[in-house]
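Structure record follows, encoded as structure tokens.
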Amino acid sequence: MSQHSNSDNNPKTSHFIRNIVIADIDSGKHKSIKTRFPPEPNGFLHIGHAKAICLNFGLAAEFSGLTNLRFDDTNPCKEEEVYARAIEKDVRWLGFDWAELCHASDYFSDFYNFAVELIEAGKAYVEELSADEMREYRGTLTTAGRPSPWRERPLEESLDLFKRMRTGEFEDGRFVLRAKIDMASPNIKMRDPTIYRIRNITHQRTGDEWHIYPMYDFAHCISDALEGITHSLCTLEFEDHRPLYDWVLDNISIQAHPQQIEFARLNLDYTVMSKRRLKMLVDEGLVDGWDDPRMPTLAAMRRRGYPAAAIRNFAEVIGVTKSESIIPLGVLENEVRNELNATAPRAMAVLDPLKVVLLNFPEGETEWFEAARHPQDESMGTRRIPITREIYIERGDFMEQPVRKYFRLKPGGEVRLRNAFIVKFVDLIKDDNGEVIEVHCELDPQTRSGMPESSRRVKGTIHWVSAVHGVPTEVRLYDRLFNVENPLADKDRDFREFINPDCLSKVTAMVEPSFIEAGGFCQFERVGYFCHDAQDSTKEKPVLNRTVSLRDSWAKRGNK
RNA sequence: UGGGACGUGGCCAAGUUGGUUAAGGCACGGGGUUUUGAUCCCCGCAUUCGCAGGUUCGAGUCCUGCCGUCCCAGCCA
């Protein structure tokens, strides 16, 4: 009955890749499909990768196909095993399981053999030009390139050189292996692209076995073919690479030929979405690591309390197209609220405490109330909440000079204390600065929860915490990482200049004891969704993260 | 000035082989329920599909031209 997740119930709207898959199955081109998610292990996965993960794994699952997780580890200069482990964890957390865990490095000998094939067929040659010279020979966007003087090198010579490159005879950069395609092609990617380079460096998995490493365009298509991938999904910037993807597979002795299909990558406003830039934030200490809850990484979102189901739903709701767009962060937050509203048990906490004394409540006594954990889901049960003569309410829930339509506590007014009873304002105490430091109220005993008068209508209901039972707790409040929609829009300014100085603030909140004991996550009623910080929270010193605030149509009206 | 793509309401985005009343979500506005100003529930929200022509009984869907945006000159992926 209590399905604590509306996850993945969303009707799937069609998109062009799904349509291609359907057509391929209908036509008999494929009886089943196979996709792959191919990250380079050089950083943490972010929400943009989540779109690709959900697409690849989701689509395959939808058609009873398979998906491989493949580490694209062809550049040992940038890659590390710690990233690979983090990536595996993130994919699993998102709720997906791969058919095989692969590495491009598993295919190093295959790549090598196919490269030899190309050389023997006169379709690849060892280049001796320097990188600068190659650039010069390549031509420009509008002018054709010129053939390298080494382009017609006898193939025996290329073969010999290539073999010696492999064994480490030459220093980095001395030679490179190039595919012989068309130096005049209007597509620059086809102007004899480099397919192998020398790297005398230890590879994280193959050690010192190799001194040459294949380039993406050579390795990726072959990896796909070797694994029997049917649909190779990638982002738009690879559209120009597709002819090369197809060229390689057409010119080596391999039968399989996966179809590369490109879609638009995800962009979110008020953040950056490139591993390179996120790594800068981490390396420069601008955030506290890849899993800092302000980051758009999956590790950060997990830590912050975003449910995986919310991210999956988000990926579904934004669609898959070829048009580039920027999705408002609010769309993601909406999915998070959606999920959490259904799954989060309720509790109370006061983030900015103001003391209230209940004058007619006996001193030194504690009264306990039974409260539902979820207003719409009785199966979540109840909890016990203590109240005492002194309690805390939110400073914002009292106004000495209330604005129009202010339903909360005010002089002469009445308000309901959620799950308890109705109280009436009596008077207040100010400090020397005129700041209200204490409010005195009188409770109406007939309005206790469960009593006949309890359903008496009052305009406002506010949350509260017993001053003696409340647990002082560090709560971390997060705001958008950048204070401009697109931190990269201004070409003259560095994106780090736009970091929001208020993206993190810490307060000491008074928290209902039952939640501190329970751990996990919850909704603090009228405030937002919170979770214990997996990194820093301890029994002795709990630390909470605000996952996302509740919608607040009152604040939005600007009345406060 | 080369090549590759994209352009449907404020933001995403569906739109079968051209037939029409232009899905849905988010946002927004209005109303109802409510011991969370939350949730939930109604209702409203493009005579129009970047622009201009053309073909057609009929075009967002076909043709032509134009405009705008993005990507490509790593021995990165």
Side-chain angles (χ1 to χ4, degrees), chain A residues 10-11 13-15 19 38-40 42 72 74-75 77-79 127 129-131 134-136 138-145 172-178 185-191 193-199 213 215-217 219-220 234-243 262 264 269 275-276 316-328 330-331 334-335 337-338 341-342 346 348 371-372 374-376 405-408 416-422 447 449 454-463 523-528 549-557 559:
Chain A
N10 296 345
T13 64
S14 84
H15 63 246
N19 292 342
E40 182 185 14
N42 65 345
D72 222 334
T74 56
N75 185 359
C77 308
K78 293 164 58 184
E79 296 147 9
E127 175 62 272
L129 254 27
S130 70
M134 275 178 64
R135 185 165 26 253
E136 197 190 312
R138 189 151 38 223
T140 69
L141 294 177
T142 52
T143 65
D172 287 15
R174 177 79 178 78
F175 297 107
V176 101
L177 184 69
R178 291 232 256 175
S185 172
N187 180 349
I188 292 183
K189 288 283 179 279
M190 298 297 270
R191 319 240 262 231
T194 299
I195 56 176
Y196 258 101
R197 78 289 216 189
I198 298 171
R199 284 273 186 283
Y213 294 92
M215 298 289 288
Y216 167 86
D217 288 302
H220 202 89
C234 62
T235 44
L236 252 28
E237 65 271 28
F238 289 100
E239 277 178 315
D240 290 346
H241 298 237
R242 192 177 351 121
E262 311 85 11
D269 61 8
K275 279 194 275 189
R276 199 188 109 239
E316 189 62 40
V317 96
I318 58 176
V320 179
T321 69
K322 297 188 69 142
S323 66
E324 300 162 278
S325 59
I326 300 176
I327 309 287
V331 176
N334 181 62
E335 294 303 330
R337 289 193 185 100
N338 240 340
N341 176 52
R346 311 286 128 123
M348 295 195 288
H374 191 111
Q376 280 89 229
K405 300 194 67 175
Y406 186 78
F407 299 156
R408 285 108 96 150
R416 181 187 303 282
L417 296 183
R418 167 126 255 235
N419 295 127
F421 38 61
I422 294 170
T447 60
S449 284
S454 67
S455 53
R456 205 182 101 207
R457 299 206 41 114
V458 284
K459 269 299 182 47
T461 297
I462 65 174
H463 56 97
Q523 179 199 100
F524 287 145
E525 291 187 289
R526 303 210 312 131
V527 181
S549 64
L550 244 34
R551 234 199 225 97
D552 189 349
S553 61
W554 168 252
K556 214 172 341 191
R557 288 176 173 184
N559 287 340

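All values below come from the heavy atoms of this structure, side chains included, with hydrogens, waters and symmetry mates left out. Proteins get letters first, then strands, A, B, ... in listed order; numbering begins at 1 in each.
Comparing the P positions of B:A59 and B:C72 gives an interatomic distance of 40 Å, to the nearest angstrom. B:A46 and B:U8: their C1' atoms are spaced 9 Å apart (whole Å). On the C1' atoms, B:U69 is 11 Å away from B:G50, given to the nearest whole Å. Here the separation of B:U20 from B:C76, taken at their C1' atoms, is 49 Å to the nearest Å. Nucleotides B:U56 and B:G24, compared at atom C1', are 31 Å apart to the nearest Å. The C1' atoms of B:A13 and B:G54 are separated by 29 Å, rounded to the nearest whole Å.
Residue contacts for A:Ser323: at a heavy-atom cut-off of 4.0 Å it reaches the sugar-phosphate backbone alone, with no base atom in range. Looking at heavy-atom distances under 4.0 Å, A:Thr321 makes contact with sugar-phosphate atoms alone, never a base. If you check every strand for non-hydrogen atoms under 4.0 Å, A:Ile326 touches sugar and phosphate atoms only. The residue A:Ile318 sits close only to the backbone: its heavy atoms come under 4.0 Å of sugar-phosphate atoms, none of a base.
Residues forming a salt bridge (Lys or Arg N to Asp or Glu O under 4.0 Å) with A:Arg135 (at least two apart in sequence, or on another chain): A:Asp132. Residues forming a salt bridge (Lys or Arg N to Asp or Glu O under 4.0 Å) with A:Arg526 (at least two apart in sequence, or on another chain): A:Asp397.
For the 3.5 Å distance criterion, the side chains of A:Asn42 and A:Arg276 fail to qualify, holding no donor opposite an acceptor.
Atom pair A:Arg416:CZ and B:U34:P shows a separation of 12 Å (rounding to whole Å applied). Distance A:Glu316 CD to B:C12 P: 18 Å, rounded to the nearest Å. Going from atom NZ of A:Lys322 over to atom P of B:G15 covers 15 Å, rounded to whole Å. For the pair A:Glu127 CD and B:G74 P, the computed distance is 14 Å after rounding to whole Å. Between A:Arg457 atom CZ and B:U36 atom C1' the separation is 14 Å, expressed in whole Å. In this structure, A:Arg191 places its CZ atom 7 Å from C1' of B:A73, rounding to the nearest Å.
One cannot find a donor-acceptor pair under 3.5 Å joining the base of B:G4 and the side-chain atoms of A:Arg242. The base of B:U36 has none of its N or O atoms less than 3.5 Å from a complementary donor or acceptor on the side chain of A:Thr461.
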Below 3.5 Å between N/O atoms, which protein atoms pair up with nucleotides 75-77 of chain B? Just atom names and distances, please.
| from | atom 1 | to | atom 2 | distance (Å) |
| --- | --- | --- | --- | --- |
| B:C75 | O2' | A:Arg199 | NH2 | 3.3 |
| B:C75 | N3 | A:Gly173 | O | 3.4 |
| B:C75 | N4 | A:Leu129 | O | 3.2 |
| B:C75 | N4 | A:Ala131 | N | 3.3 |
| B:C75 | N4 | A:Gly173 | O | 3.1 |
| B:C76 | OP1 | A:Arg199 | NH2 | 3.0 |
| B:C76 | OP2 | A:Arg197 | NE | 3.0 |
| B:C76 | OP2 | A:Arg197 | NH2 | 3.0 |
| B:C76 | OP2 | A:Arg199 | NH2 | 2.5 |
| B:C76 | O3' | A:Arg197 | NH2 | 3.1 |
| B:C76 | O2' | A:Asn75 | ND2 | 3.1 |
| B:C76 | O2' | A:Lys78 | NZ | 2.8 |
| B:A77 | OP1 | A:Thr74 | OG1 | 2.9 |
| B:A77 | OP1 | A:Arg197 | NH1 | 3.3 |
| B:A77 | OP1 | A:Arg197 | NH2 | 2.9 |
| B:A77 | OP2 | A:Tyr216 | N | 3.0 |
| B:A77 | O3' | A:Asp72 | OD2 | 3.1 |
| B:A77 | N6 | A:His241 | NE2 | 3.3 |

Are there any protein N/O atoms within less than 3.5 Å of an N/O atom in nucleotides 38-42 of chain B, and if so, which ones and at what distance?
| from | atom 1 | to | atom 2 | distance (Å) |
| --- | --- | --- | --- | --- |
| B:A38 | OP1 | A:Ser553 | OG | 2.9 |
| B:A38 | N1 | A:Gln376 | OE1 | 3.4 |
| B:U39 | OP1 | A:Arg551 | NH1 | 2.1 |
| B:U39 | O2' | A:Asn341 | ND2 | 2.8 |

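Of all nucleotides listed (B:U36, B:G37, B:A13), B:A13 comes nearest to the side chain of A:Ser325. Out of B:C72, B:A14, B:C70, the shortest distance to the side chain of A:Glu324 is found at B:C70.
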Item to complete: Let me have a per-nucleotide readout for nucleotides 18-23 of chain B, 5' to 3', with B, S or -, counting only protein heavy atoms under 4.0 Å.
Response: -----B
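Using a 4.5 Å cut-off on side-chain heavy atoms (C-beta onward), A:Asp217 and A:Pro193 make no contact.
Contact annotation: A:Asn19 reaches the phosphate of B:G15 (side-chain N/O to OP1 or OP2, under 4.0 Å).
In terms of modelled atom types and a separation under 3.5 Å, the side chain of A:Thr235 and the main chain of A:Ala264 share no donor-acceptor contact.
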Response to the item:
With both pairing distances under 3.5 angstrom for Watson-Crick or G-U wobble, and | for a partner in another strand, the correct string for RNA chain B is .((((((..(((......[....))).(((((.......))))).....(((((..]....))))))))))).....
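For A:Glu40 and A:Lys275, the salt-bridge test fails: no basic side-chain N is under 4.0 Å from an acidic carboxylate O.
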